[in-house]
Peer 1: 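Dropping a structure here in structure tokens format, bear with me for questions.
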Amino acid sequence: MSKENSSMEISVGDKVVSEVNDSVSEVTSKVVGVNGETSEAVDDNDDVAEVSSEVKGEAAKKKKKKNKSKKKKDPLQQTDPPSIPVAELFPSGEFPEGEIQQYKDDNLWRVTSEEKRELERLQKPTYNSVRQAAEVHRQVRKYIRSIVKPGMLMTDLCETLENTVRKLISENGLQAGIAFPTGCSLNWVAAHWTPNSGDKTVLDYNDVMKLDFGTHIDGYIVDCAFTVAFNPMFDPLLKATQEATNTGIKEAGIDVRLCDVGAAIQEVMESYEVEINGKVFQVKSIHNLNGHSIGQYQIHAGKSVPIVKGGVQTKMEEGEFYAIETFGSTGKGYVREDLECSHYMKNFDVGHVPLRLPRAKQLLATINKNFSTLAFCRRYLDRLGETKYLMALKNLCDAGIVQPYPPLCDVKGSYVSQFEHTILLRPTCKEVVSRGDDY
């Protein structure tokens, strides 16, 4: 821009300023008036204040709306008692990872192996399914531990637990639900006892109860158990079993021999003593009870994890699921089948077996539709509306299609404790999928 044009702009600007000043003076004199009255200004000020107030109000409303829209929704919290499906608590569809333990010695290289990491990425959907089942297990057992008390009817306890599982896992036929009947074996009964319909057994203050229940998503099973005892004199018995289970988990790994896991478990278990009513007992590992590998829709997939030394030399392998469970007893440390049977399971590898009884065929159709090769109990058949089925069920057992699993008992008067976790031998690490804050 040239200097001449600049000067012209300045002079024009001075003129504008002068005119503005004159206008301001005129307005001021009108406002003040001859007698110095300011009524006109007051009116103007009122109008301005009123408009200003309206503007501020609108601005405040807009700000409030803006803040409201920006405010994030709080994450959904589980109710008490639990009623919200776990899938709704994790809208991303990703479920919490279990406790991670690193492999030892010759397997340390797996942690950084890109090849092994890629194998895990391919298995992510499977891992997520079992983690969902594990989260359901954690939430259900947390609730049950808060309500269990002496005087409860065992049937009520089991049905409360099972109905809670059904809600939280969004039960859906064979795609999601209960993996096997709730075991609530008492005292010298180590496993496989659940009340049949009409059973009036009541939980007592001096009982030692093993609460063993399972959940599954798409047949991927979480098998996990703990022991409930109200009388503190049983605490050393429970501690022995919990420590033995943790030892088994620590020792487990890819290429580890099953017999070595059993030897480590027994050493820890039998280092404990418990005094019951003035008499001291060494805690014994039950020789003929084991942990086991788990397959899809198959609770016992072929490999057994002993809890005493001298087991098989078979090795654990990459990608396998295991239930590491231990049983500590004040009795003989040996169980036998006894009492009325409640647990049953269709044999995994059974083919077509011709049946003569129409009632047996009809019952088998019910079992296939609702349980397939997952374990079930008589209460579950009752719940489905089956009646007068005992003869048909016996026929299926006699034909080798269904296997009965009667209660397993040590000597009467003894006490048995159990703790159990499901672990996954991932390519890069060991994941204790069912681990929780409680045990």
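Computed from a prediction, not measured in an experiment: that's the story for all the values here. Atoms considered below: every heavy atom in the structure, side chains included; atoms not considered: hydrogens, waters and symmetry mates.
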Peer 1: Surrounding CE of Met233 (heavy atoms of other residues, nucleotides or ligands, distance under 6.0 Å), is the total greater than 12?
Peer 2: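 Yes, CE of Met233 has more than 12 neighbouring heavy atoms, counting only those of other groups under 6.0 Å.
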Peer 1: Going by side-chain hydrogen bond (donor to acceptor under 3.5 Å, both in side chains), Asp223 matches just one of His421, His137, His292. Which one?
Peer 2: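 Looking at His421, His137, His292, the match for Asp223 under the side-chain hydrogen bond (donor to acceptor under 3.5 Å, both in side chains) is His292.
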Peer 1: Testing Thr112, Asn107, Asp106 one by one against Arg110 for a side-chain hydrogen bond (donor to acceptor under 3.5 Å, both in side chains), which residue passes?
Peer 2: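 Passing option: Asn107.
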Peer 1: Are the side chain of Lys303 and the backbone of Lys315 linked by a donor-acceptor contact shorter than 3.5 Å?
Peer 2: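 Present.
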Peer 1: Take Met154 and Leu186, measure what side chain to side chain contact (heavy atoms under 4.5 Å, CB included) needs, and give me the verdict at the end.
Peer 2: CA-CA 10 Å; Met154 299 299 280; Leu186 298 174; 3.8 Å; yes
Peer 1: Please tell me if the side chains of Leu237 and Phe281 come closer than 4.5 Å, counting only heavy atoms from C-beta onward.
Peer 2: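 With C-beta onward as the side chain, the pair stays apart.
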Peer 1: Are there over 12 heavy-atom neighbours, none belonging to Gln362, within less than 6.0 Å of that residue's CD?
Peer 2: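 Yes.
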Peer 1: Quick test of your reading of the model: are Arg426 and Glu97 salt-bridged, counting only N-O distances below 4.0 Å?
Peer 2: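 Result for this pair is yes, salt bridge flagged.
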Peer 1: Hey, what do you get for OG1 (Thr373) to CG (Asn368), rounding to the nearest 0.5 Å?
Peer 2: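 Rounded to the nearest 0.5 Å, the OG1-CG separation comes out at 9.5 Å.
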Peer 1: Could you walk me through whether Ile144 and Ile147 satisfy the side chain to side chain contact (heavy atoms under 4.5 Å, CB included) test, starting with their C-alpha distance in whole Å, then the side-chain angles of each, then the deciding distance to 0.1 Å, before giving a yes or no?
Peer 2: CA-CA 5 Å; Ile144 293 300; Ile147 65 166; 4.1 Å; yes
Peer 1: Can you give me the closest heavy-atom contact between Ser434 and Arg141, atom names plus distance?
Peer 2: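 Heavy atoms only, the tightest pair is O-NH2, 3.0 Å.
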Peer 1: Shortest non-hydrogen contact from Lys116 to Pro427?
Peer 2: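 Nearest heavy atoms, Lys116 then Pro427: O-CB, 3.6 Å.
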Peer 1: Does the pair Glu159/Arg166 count as a salt bridge with the N-to-O cut at 4.0 Å?
Peer 2: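 The answer is no: the pair does not qualify as a salt bridge.
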Peer 1: Quick check against the 3.5 Å criterion: does Arg138 have a side-chain atom that pairs as donor or acceptor with the backbone of Arg435?
Peer 2: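 Answer holds: yes.
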Peer 1: Looking at Gln282 and Glu270, would you say the former's side chain and the latter's main chain have a donor-acceptor pair under 3.5 Å?
Peer 2: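 The answer is yes, because a donor-acceptor pair under 3.5 Å joins these two groups.
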Peer 1: Less than 4.5 Å apart, any side-chain heavy atom of Asp207 and any of Tyr205?
Peer 2: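 No, side chains not in contact.
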Peer 1: Please report the interatomic distance OG1(Thr422) to CZ(Phe321), rounded to the nearest 0.5 Å.
Peer 2: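 Reported value, rounded in 0.5 Å steps: 8.5 Å.
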Peer 1: Does Arg378 pair with Asp382 as a salt bridge, N-O distance under 4.0 Å?
Peer 2: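 Looking at Arg378 and Asp382, the cut-off is not met.
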Peer 1: With a 6.0 Å cut-off (strictly less than), is the heavy-atom count around CZ of Arg121, excluding the residue itself, greater than 12?
Peer 2: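 Count over threshold, so yes.
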Peer 1: Where the side chain of Tyr439 meets the backbone of Thr227, is there a donor-acceptor pair that is under 3.5 Å apart?
Peer 2: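 No; zero donor-acceptor contacts below 3.5 Å.
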Peer 1: Would you indicate whether Asp438, at its atom CG, is surrounded by more than 12 heavy atoms from other residues, nucleotides or ligands within a distance under 6.0 Å?
Peer 2: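 Counting neighbours around CG of Asp438, more than 12 heavy atoms of other residues, nucleotides or ligands fall under 6.0 Å, so yes.
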Peer 1: Tell me, with the steps shown, if Gln296 and His216 meet side-chain hydrogen bond (donor to acceptor under 3.5 Å, both in side chains).
Peer 2: CA-CA 9 Å; Gln296 191 176 14; His216 83 92; over 6 Å; no
Peer 1: Between Ile299 and Met345, what is the shortest heavy-atom contact and its length?
Peer 2: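 Closest pair (atom of Ile299, atom of Met345, distance): CG2-SD, 3.7 Å.
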Peer 1: Closer than 4.0 angstrom, basic N to acidic O: yes or no for Lys250 and Glu243?
Peer 2: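 Here Lys250 does not pair with Glu243 in a salt bridge, since their nearest N and O are not under 4.0 Å apart.
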Peer 1: Is it true that a side-chain atom of Asn187 and a backbone atom of Val208 form a donor plus acceptor pair closer than 3.5 Å?
Peer 2: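 Flag set: sc Asn187 to bb Val208 pair under 3.5 Å.
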Peer 1: For the atom pair OG1 (Thr164) and CD1 (Ile178), what is the distance rounded to the nearest 0.5 Å?
Peer 2: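 Rounded to the nearest 0.5 Å, the OG1-CD1 separation comes to 9.5 Å.
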Peer 1: Could you walk me through whether Glu162 and Thr182 satisfy the side-chain hydrogen bond (donor to acceptor under 3.5 Å, both in side chains) test, starting with their C-alpha distance in whole Å, then the side-chain angles of each, then the deciding distance to 0.1 Å, before giving a yes or no?
Peer 2: CA-CA 7 Å; Glu162 289 158 359; Thr182 304; 2.8 Å; yes
Peer 1: Does Glu120 pair with Arg117 as a salt bridge, N-O distance under 4.0 Å?
Peer 2: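 The answer is no: the pair does not qualify as a salt bridge.
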Peer 1: Are Glu251 and Lys104 close enough for a salt bridge, meaning some N to O gap below 4.0 Å?
Peer 2: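 A salt bridge links Glu251 with Lys104.
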Peer 1: Less than 4.5 Å apart, side chain to side chain, heavy atoms only: is that true for Phe419 and Leu238?
Peer 2: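 Contact flag for Phe419/Leu238 side chains = yes.
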Peer 1: Under the 3.5 angstrom rule, does the side chain of Glu431 hit a backbone N or O of Gly98 as a donor-acceptor pair?
Peer 2: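 Yes: the side chain of Glu431 pairs with the backbone of Gly98.
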Peer 1: For a side chain to side chain contact (heavy atoms under 4.5 Å, CB included) check, start with the C-alpha distance between Gln102 and Ile100, then their side-chain angles and the critical distance, and finish with the verdict.
Peer 2: CA-CA 7 Å; Gln102 301 301 340; Ile100 301 301; 4.0 Å; yes
Peer 1: Nearest 0.5 angstrom please: Tyr344 OH to Cys397 SG, how far?
Peer 2: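 Those atoms lie 6.0 Å apart.
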Peer 1: Given side chain to side chain contact (heavy atoms under 4.5 Å, CB included), test Phe230 with Val228 step by step and report yes or no.
Peer 2: CA-CA 7 Å; Phe230 306 103; Val228 174; 3.9 Å; yes
Peer 1: Just do the side-chain hydrogen bond (donor to acceptor under 3.5 Å, both in side chains) check on Thr326 and Thr245 with the steps written out, would you?
Peer 2: CA-CA 6 Å; Thr326 69; Thr245 297; 2.7 Å; yes
Peer 1: Cation over ring, Arg131 on Phe90, under 6.0 Å and within 45°?
Peer 2: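 Judged by the rule, Arg131 and Phe90 form no cation-pi pair.
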Peer 1: Where the side chain of Asn370 meets the backbone of Thr366, is there a donor-acceptor pair that is under 3.5 Å apart?
Peer 2: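 Such a contact is found between Asn370 side chain and Thr366 backbone.
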Peer 1: Measuring from Gln175:CD to Ser170:OG, what's the distance to the nearest 0.5 Å?
Peer 2: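 Reported to 0.5 Å precision, the distance equals 11.5 Å.
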Peer 1: Is it true that a side-chain atom of Asp410 and a backbone atom of Gly333 form a donor plus acceptor pair closer than 3.5 Å?
Peer 2: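 Side chain of Asp410 to backbone of Gly333, a donor-acceptor pair under 3.5 Å: yes, one is there.
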Peer 1: Do the non-hydrogen side-chain atoms of Gln101 and Val432 ever get within less than 4.5 Å of each other?
Peer 2: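 Side chain of Gln101 against side chain of Val432, heavy atoms only: contact under 4.5 Å found.
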Peer 1: Answer yes or no: is there a donor N or O on one side and an acceptor on the other, between the side chain of Asp218 and the main chain of Tyr220, under 3.5 Å?
Peer 2: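 No, Asp218 side chain to Tyr220 backbone: no donor-acceptor pair under 3.5 Å.
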Peer 1: Check whether any side-chain heavy atom of Leu89 sits under 4.5 Å from a side-chain heavy atom of Glu135, and report yes or no.
Peer 2: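 No, side chains not in contact.
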Peer 1: Return the minimal non-hydrogen interatomic distance between Ser342 and Asn196, and the atom names on each side.
Peer 2: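 Heavy atoms only, the tightest pair is CB-OD1, 3.3 Å.
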Peer 1: Compare every heavy atom of Pro306 with every heavy atom of Ser304, then report the nearest pair and how far apart it is.
Peer 2: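 Taking Ser304 first and Pro306 second, the nearest heavy atoms are O-CD, 3.4 Å.
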Peer 1: Report yes if the side chains of Leu211 and Cys184 come closer than 4.5 Å at any heavy-atom pair, otherwise no.
Peer 2: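 Answer yes - side chains close enough.
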Peer 1: Quick one: does any side-chain atom of Gln78 pair with a main-chain N or O of Ile84 as donor and acceptor, under 3.5 Å?
Peer 2: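 The answer is yes, because a donor-acceptor pair under 3.5 Å joins these two groups.
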Peer 1: Working to the nearest 0.5 angstrom, can you tell me the gap between Asp212 CG and Glu420 CD?
Peer 2: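 Between Asp212 CG and Glu420 CD, I get 5.0 Å after rounding to 0.5 Å.
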Peer 1: Side-chain contact, heavy-atom cut-off 4.5 Å: Val148 with Met152?
Peer 2: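 Yes, at least one pair of side-chain atoms sits under 4.5 Å.
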Peer 1: Could you report the tightest heavy-atom contact between Ile221 and Gly295, atom names first, then the distance?
Peer 2: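 The answer is CD1-O, 4.2 Å.
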Peer 1: Surrounding NZ of Lys346 (heavy atoms of other residues, nucleotides or ligands, distance under 6.0 Å), is the total greater than 12?
Peer 2: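 Correct, the count exceeds 12.
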Peer 1: Taking C-beta and beyond as the side chain, do Phe371 and Leu384 meet within less than 4.5 Å on heavy atoms?
Peer 2: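 Phe371 vs Leu384: side chains touch.
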